[in-house]
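To keep things clear, I will list the structure first and then write my remarks on it.
The structure presented is a predicted model; accordingly, all values stated were derived computationally and were not measured. Chain naming here is simple, since letters A, B, ... match the order of the sequence lines and numbering starts at 1 in each.
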Amino acid sequence: MPELPEVETVRRGLEAAVVGKQITKVQVPGRRTVRRQSREELARRLVGRRITMAGRRGKFLLLSLDDDSVLVVHLRMTGQLLHLAGGERPAPEAHTHVLVDLDDGTELRFVDPRTFGEWFVSNDIDARGVPIELAHIGRDPLLEGLPKALLASSFAGRRACLKALLTDQRIVAGIGSIYADEICFRAKIRPDRSGGSLSDAELGSLARAARSVLRAAVASRGSSLRDQRYRDLAGSLGSYQGRHCVYDRAGEPCPRCGRSVVRLMIGARSAYCCVGCQS
DNA sequence: CGCATATCCTGACTGC
DNA sequence: TGCAGTCAGGATATGC
């Protein structure tokens, strides 16, 4: 659910709130959030470190530390990273799996009901500052752009449907279900088309649509759905949901042609589109 | 290799 | 009102 625009909004919040701060205490009550190392090891590697940079690659948050390691955080479906002001110490809400105290008296909390989210500390960082655990992640459309040629070479000969390819993080990093549907709508292409069937012009439209949808969504601080699960660091909702043209709008009129938006099933997953103006 | 499917998990919602 | 069933969809493991 948190996709590139939501994660970028959290990253910007982290940049303002925690960069330059030192970690003084780490508690990991959750059993599932830290999986690649022990909870004790994660805590040991964080305490005493200063946060030097807040980065992002696709849907992964990257907090660089002053010993050249990187704290990697992925929100997955329901993860929330919250920053509590100094002195503000309410009892942790349910499903709070990690608590990090900072030297300015503020605190970071990770809340994640479905426990799919993940934290780990990596020591193996490549020349771009990306942990080797994320080496398989593809191009980030905001950081590195999304040229038509990349889509053309990645989609050529592929039978898999466009939505599956757009959400394949090895090709393009950061697009999930919401933005895949919105990007396909803007590009006027059905999400159930096979990747290999797209024309050169359609690949161009898709690349342009991806850039403009993602940029607009970042400007609106991401999308908070009906469950209001996605919130930024301060707990505020995004507003891009008000601009969704098709996602979760089955039965409502297409804003472009007026025909009813439909929900397709691609595998076991939903895809929303307008069959009137997407082909 | 490509592609589809199952899996992890909780909470919101639906229908009886 | 309660309760079973369904859906949500991130990434990864598996089966073919």
A:Q22 side chain to A:V47 main-chain N or O, any donor-acceptor pair under 3.5 Å?
-> no
Report the nucleotide, chosen from C:dG9, B:dT10, C:dA8, that has the shortest atom-to-atom distance to any side-chain atom of A:P113.
-> B:dT10
Please measure how far the P atom in B:dT5 lies from the corresponding atom in C:dC7, and state the result in whole Å.
-> 15 Å
Examine A:L82 and A:L233 and state if one hydrophobic cluster contains both, with Ile, Leu, Val, Met, Phe, Trp and Tyr joined whenever side-chain heavy atoms are less than 4.5 Å apart.
-> no
Could you give the CZ-to-P distance, from A:R226 to B:dG11, as a whole number of Å?
-> 18 Å
Compare side-chain N and O positions of A:Y230 against OP1 and OP2 of C:dG9 and report whether any pair is under 4.0 Å apart.
-> no
Has A:H74 got a side-chain N or O lying under 4.0 Å from the OP1 or OP2 atom of C:dG10?
-> no
Return the value, rounded to whole Å, for the distance between atom CE of A:M265 and atom P of B:dT5.
-> 11 Å
What integer distance in Å separates A:E118:CD from C:dA13:C1'?
-> 14 Å
Anything under 30° is parallel, anything over 60° is perpendicular, the rest tilted; go ahead and classify A:Y240 against A:Y179.
-> tilted
Rounded to the nearest angstrom, tell me the gap between atom CG in A:D248 and atom P in B:dC13.
-> 11 Å
Given the rule that I, L, V, M, F, W and Y join up when any side-chain heavy atoms are under 4.5 Å apart, are A:L42 and A:I51 in one cluster?
-> yes
Value in whole Å for how far the P atom of C:dA11 lies from CD1 of A:I171 = 13 Å
Out of C:dA8, B:dT7, B:dC3, which has the shortest distance to the side chain of A:R269?
-> B:dT7
Write down the distance between CG (A:D181) and C1' (C:dG9), rounded to a whole number of angstrom.
-> 11 Å
Classify the nucleic acid contact of A:F60 as base, sugar-phosphate or nothing, counting any heavy atom under 4.0 Å across all strands shown.
-> nothing
Quiz item: A:R114 side-chain donor-acceptor pair to C:dA8 base, under 3.5 Å = yes
Tell me which of A:R76 and A:D227 sits closer to the 5' end of DNA chain B, going by the nucleotide each one is nearest to.
-> A:R76
Looking for any heavy atom pair under 4.0 Å, which part of the strands does A:T78 touch: base, sugar-phosphate only, or nothing?
-> nothing
Could you measure between the two P atoms, the one in C:dA11 and the one in B:dG11, and give it in whole Å?
-> 22 Å
Is the charged tip of A:R256 near the ring of A:F185: under 6.0 Å from the six-membered ring centre and within 45° of its axis?
-> yes
Rounding to a whole Å, what distance do you find between A:F116:CZ and B:dA6:P?
-> 16 Å
Distance test, side-chain N/O of A:H136 to OP1/OP2 of C:dT12, below 4.0 Å = yes
Base, sugar-phosphate, or nothing: which does A:R159 touch, judged by heavy atoms less than 4.0 Å apart?
-> sugar-phosphate
Verify the contact: side-chain N or O of A:S177 to OP1 or OP2 of C:dA8, cut-off strictly under 4.0 Å; return yes or no.
-> no
Figure out the CD/P separation between A:Q80 and B:dT10, and round it to whole Å.
-> 17 Å
Among the candidates B:dG2, C:dA8, B:dC8, find the nucleotide nearest to the side-chain atoms of A:R158.
-> B:dG2
Should A:L162 and A:I266 be regarded as members of a common hydrophobic cluster, given that ILVMFWY residues are connected when their side-chain heavy atoms come within less than 4.5 Å of each other, either directly or indirectly?
-> no
Looking at the side chain of A:R263, which of C:dA11, B:dG11, C:dA8 is the nearest nucleotide?
-> C:dA8
